[in-house]
Novice: 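Below: one structure in structure tokens.
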Amino acid sequence: MKIAVFSTHSYDREYLLEVAGHHQFVFFEVQLNIDTVNLTQGFDAVCVFVNDHVGANVIEQLKKNGIKAIALRCAGFNNVDLQAAKNANIVVVRVPAYSPEAVAEHAMALILTLNRKTHKAYNRIRENNFSLERLTGFNLYQKTVGVVGTGLIGSAFCRILKGFGCHIIAYDLIENPEMKTLGVQYVSMDDLLAQSDIISLHCPLSPATQHLIDAKSFAKMKDGVMLINTSRGALINTKDAISALKRKKIGYLGIDVYEQEENLFYKDLSENIIPDDTIARLMSFPNVMMTSHQGFFTKEALSQIASITIGNLDDIEQNRPCPNVVNV
Ligand code: NAD
């Protein structure tokens, strides 16, 4: 198959080419959107990532250009209009699971860094400042951690928390028996918000979960709560989070994803003026740690993403049933 890869970075090229086989890849650095969709002429498939825009208007053009498949090299598919793809007879495939531990471990990295302030200690020591003032952390042992969504990543995260001796409570639409055996206690969303010292989000973004965490949820949380989001930015109403940070309701905020990340993340904008005042306000808080959607970013995950993507394309090419098709 001839595949147009969008939002390409050096690592996408490296890992996809390692397992490409007979497939022919052409790599574009630009996002797929209505302005770039014409680049897909002469290809059989497109390969996209989290911030490409695959809405109805783009899909209409993809169909005209003869595209037969949209291969997401990620798990989330909130950026693809599935109904439009179905109508256009374009198959959508994804990588439903690739090293869930990668994201779970990143969530733990955010917790540990925010709590023990190792990022600040690192900078202080390099400037010969050996003071411990304002670096106080807290023990994770016996703290209550609320996990929203106990699918692949949420469960991997619970297993990590177990090792730290945390009391784990969870909310999910479907309870995971393996988690119950581990000692995770399922509670209502309201109880999770009220009881947790740390809340970590691991559910997908959907119309039902958009702004799952807003002013009303913050009102139910403990003062000084730590909130971690490695899932999707729009799970949190950012304006409400800023207000909660100002009122010290949120004691620590760790986010790997941000509602308006698509024009910022994965780009070096160090010499640019950032027009987004919301992210500027977020970064002004000393108790906010933000990473650029890098939870997935381990060697193991990149190599699984590449090989599963090739497997998906092989299935489509050979008209075999593909287990990773995303249906409406
Ligand atoms: P998964 O499908 O295995 O698990 C999601 C869980 O959320 C399921 O158990 C589901 O029942 C639950 N859920 C659905 N709606 C819910 C709701 N309203 N309230 C509570 N729980 C709900 O998915 P996963 O592999 O664990 O991934 C979770 C999310 O992590 C993905 O949707 C994606 O957005 C995000 N993700 C982020 C990165 C990153 O690099 N930061 C990488 C991969 C995935």
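Since the structure is predicted, the reported quantities are computational estimates derived from the model, not experimental observations. In listed order, ligands and their atoms are each counted from 1.
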Novice: Which pairs with one or both residues in residues 302-318 pass salt bridge (charged side-chain N to carboxylate O under 4.0 Å, His left out), sequence neighbours excluded?
Specialist: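 Every pair satisfying salt bridge (charged side-chain N to carboxylate O under 4.0 Å, His left out) with a residue in residues 302-318: Asp315-Arg320.
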Novice: Can you list, by chain and residue number, every protein residue with a non-hydrogen atom closer than 4.0 Å to ligand 1?
Specialist: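 Within 4.0 Å of ligand 1, protein side: Tyr98, Val103, Val148, Gly149, Thr150, Gly151, Leu152, Ile153, Tyr171, Asp172, Leu173, His202, Cys203, Pro204, Thr209, Thr230, Ser231, Arg232, Asp256, His293, Gly295, Phe296.
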Novice: What class does the angle between the rings of His293 and Tyr266 fall in, given that below 30° is parallel, 30 to 60° is tilted and above 60° is perpendicular?
Specialist: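 Answer is tilted, since the angle falls between 30° and 60°.
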Novice: Are Phe49 and Phe296 an aromatic pair, judged by ring center distance below 6.0 Å?
Specialist: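 For Phe296 and Phe49, the ring centres are under 6.0 Å apart.
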Novice: Just jot down the side-chain contact (heavy atoms from CB on, under 4.5 Å) partners of Ser131, sequence neighbours excluded, or say none.
Specialist: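 With neighbours one apart ignored, the set is Arg124, Asn129, Glu133.
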Novice: So, do Phe43 and Asn65 sit near enough that their side-chain heavy atoms are less than 4.5 Å apart?
Specialist: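 With C-beta onward as the side chain, the pair stays apart.
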Novice: What donor-acceptor contacts under 3.5 angstrom involve side-chain atoms of residues 134-151, with partners at least two apart or in another chain?
Specialist:
from	atom 1	to	atom 2	distance (Å)
Lys143	NZ	Asn139	O	3.1
Thr150	OG1	Asp172	OD2	3.4
Thr150	OG1	Tyr186	OH	2.6

